[in-house]
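Structure record follows, encoded as structure tokens.
For the single chain, residues carry numbers from 1 onward in sequence order.
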Amino acid sequence: MQFAFPPQPHACVPIAGRPHEFFPVHRIYCVGRNYAKYAIEAGGTGRDTPFFFMKPADAVLPVAHGTVGEMPYPSQTNDLHHEIELVVAIGKGGRDIPASQAIEHVWGFAVGLDMTRRDLQIEARRLGGSWCTAKGFDYSAPIGPIHPIAETGPMTHGDIFLNVNGVRRQFSNIDKLLWGVPDTIEQLSHFFELQAGDLIFTGSPEGVAVVKQGDLLEGGIEGLGELRVIVWPNFQASFSPGHKR
């Protein structure tokens, strides 16, 4: 096969405990309003049905263990928000996967951030337009190392939190997901044929709020360690996977 020009490197995420092995990203799916309290915070009733949206595969900002990811503050927004989430990494594809078999398709889990241009999202809602510019911008999906499910188990319970500059912003437990991991996979696989390499950001608990340039975000999930990201002005960002601090 001959290309018109050299293709971009494949988006990938580090794997916990395997410094020379990486998880290749196929697609990024996200679940909206998957915690009742956040659904209310976002203007819903708390009984709303969760829904799906997507980010480009190369929106990932991979952050290796023991490093701090450097995210450039995105253009065209004055209202950037954090959303800490459990991320599911798919290792075996399929369509119309029953919830009872969904865990067989999981390769592992990670801590992720769904960064959002909230002002653009609100305007898109008002106009009935797309969320692409609000959710799918460059580096909008910081993610820590993926932990194999053989080491974590199915991740049905565990505290999830986010601190900004040392101050607690978000705290909940992943057992409060409206759609747990099996149900999320079942529902998503009705709409798309899932593939090995897919990532599913499963939704954020309450407490999402604004992020400013220079803020240090430190989030984690029990059993998966922590994810640390600093938000720089555009011109200062190095766009590296992270560095020691």
Side-chain angles (χ1 to χ4, degrees), residues 28-48 50-53 55 59-63 65 68-71 73-74 77-88 109-122 131 134-135 137 139-147 152 155-181 184 199-231 242:
I28 301 175
Y29 300 100
C30 303
V31 187
R33 297 188 180 182
N34 203 17
Y35 288 81
K37 288 186 178 180
Y38 175 62
I40 294 169
E41 187 177 79
T45 66
R47 297 184 298 274
D48 312 83
F51 56 88
F52 298 109
F53 58 93
K55 294 176 182 272
V60 291
L61 174 60
V63 182
H65 175 72
V68 179
E70 296 184 339
M71 177 186 171
Y73 191 95
T77 185
N78 293 306
D79 196 21
L80 179 67
H81 282 208
H82 58 72
E83 299 186 28
I84 190 73
E85 310 202 1
L86 171 68
V87 181
V88 180
F109 299 94
V111 182
L113 281 163
D114 168 19
M115 302 301 291
T116 304
R117 290 165 161 152
R118 191 70 70 203
D119 44 0
L120 299 191
Q121 184 186 34
I122 290 170
W131 285 13
K135 290 286 193 177
F137 55 92
Y139 312 106
S140 62
I143 183 172
I146 297 174
H147 296 249
T152 66
M155 295 297 296
T156 58
H157 178 89
D159 288 342
I160 179 172
F161 73 91
L162 181 78
N163 298 334
V164 178
N165 301 325
V167 177
R168 180 61 49 88
R169 290 274 189 90
Q170 294 185 263
F171 184 81
S172 188
N173 195 291
I174 59 174
D175 64 11
K176 291 183 169 58
L177 285 164
L178 298 178
W179 281 344
V181 172
T184 296
L199 297 176
I200 306 172
F201 282 62
T202 59
S204 187
E206 66 275 13
V208 303
V210 68
V211 174
K212 300 185 183 301
Q213 295 178 12
D215 281 351
L216 175 64
L217 283 60
E218 298 174 288
I221 298 173
E222 189 176 346
L224 299 179
E226 296 189 6
L227 169 65
R228 303 175 72 207
V229 175
I230 193 165
V231 180

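Results of the side chain to side chain contact (heavy atoms under 4.5 Å, CB included) test with L227 over V68, L61, V63 single out V63 as the only residue that passes.
For the pair H147 (side chain) and F109 (backbone), a donor-acceptor distance under 3.5 Å is absent. The closest donor-acceptor contact from the side chain of N34 to the backbone of L177 lies at 3.5 Å or more, if one exists at all. With S140 contributing its side chain and M115 its backbone, the two residues share no donor-acceptor pair below 3.5 Å. No side-chain donor-acceptor contact under 3.5 Å links E85 to the backbone of G112. A donor-acceptor pair is defined here as one N or O able to donate and one able to accept, closer than 3.5 Å; such a pair exists between the side chain of Q170 and the backbone of I84.
Counting heavy atoms from C-beta on, the side chains of M71 and I230 never come closer than 4.5 Å. No side-chain heavy atom of I160 sits under 4.5 Å from any side-chain heavy atom of F171. L217 places a side-chain heavy atom less than 4.5 Å from the side chain of V211. Residues R117 and P74 form a side-chain contact, since some pair of their non-hydrogen atoms from C-beta on lies under 4.5 Å apart. The shortest side-chain heavy-atom distance between F137 and L80 falls under the 4.5 Å cut-off. No side-chain heavy atom of V111 sits less than 4.5 Å from a side-chain heavy atom of L86. Using a 4.5 Å heavy-atom threshold, the side chains of H82 and L162 count as touching. The shortest distance between side-chain heavy atoms of I200 and V87 does not fall below 4.5 Å.
Nearest heavy-atom pair across A110 and P145 is CB-O, 3.5 Å. What you find for Y35 and G203 is that their closest heavy atoms are CE1-O, 3.3 Å. Residue Y38 comes nearest to V208 through the heavy atom pair CE1-CG2, 3.3 Å, listed as atom of the first residue, atom of the second, then distance.
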_Using the rule given for side chain to side chain contact (heavy atoms under 4.5 Å, CB included), can you reason through H157 versus K176, listing the C-alpha separation, both sets of side-chain angles and the distance that settles it, and then say yes or no?_
CA-CA 8 Å; H157 178 89; K176 291 183 169 58; over 6 Å; no
*Does the side chain to side chain contact (heavy atoms under 4.5 Å, CB included) test come out yes or no for D175 and T156, once each step is laid out?*
CA-CA 6 Å; D175 64 11; T156 58; over 6 Å; no
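Legend: residues meeting ring-ring contact (aromatic ring centres under 6.0 Å, His included) with F52, ordered by chain and number and at least two apart, are W179. Annotation: ring-ring contact (aromatic ring centres under 6.0 Å, His included) contacts of Y29 (sequence neighbours excluded): F192. In this structure F51 satisfies the side-chain contact (heavy atoms from CB on, under 4.5 Å) test together with R33, F53, W131, sequence neighbours excluded. Under the salt bridge (charged side-chain N to carboxylate O under 4.0 Å, His left out) criterion, E41 pairs with no residue at all, not counting sequence neighbours. Evaluation of the salt bridge (charged side-chain N to carboxylate O under 4.0 Å, His left out) rule for K55 yields D114 as partners, not counting sequence neighbours. Here D79 pairs with T77, H81, R118, D119, V210 under the side-chain contact (heavy atoms from CB on, under 4.5 Å) rule; sequence neighbours left out.
Counting only residues at least two apart or on different chains, no salt bridge (Lys or Arg N to Asp or Glu O under 4.0 Å) pair has a member in residues 158-174. The salt bridge (Lys or Arg N to Asp or Glu O under 4.0 Å) contacts involving residues 205-225 comprise E218-R228, where partners must be two or more places apart or lie in separate chains.
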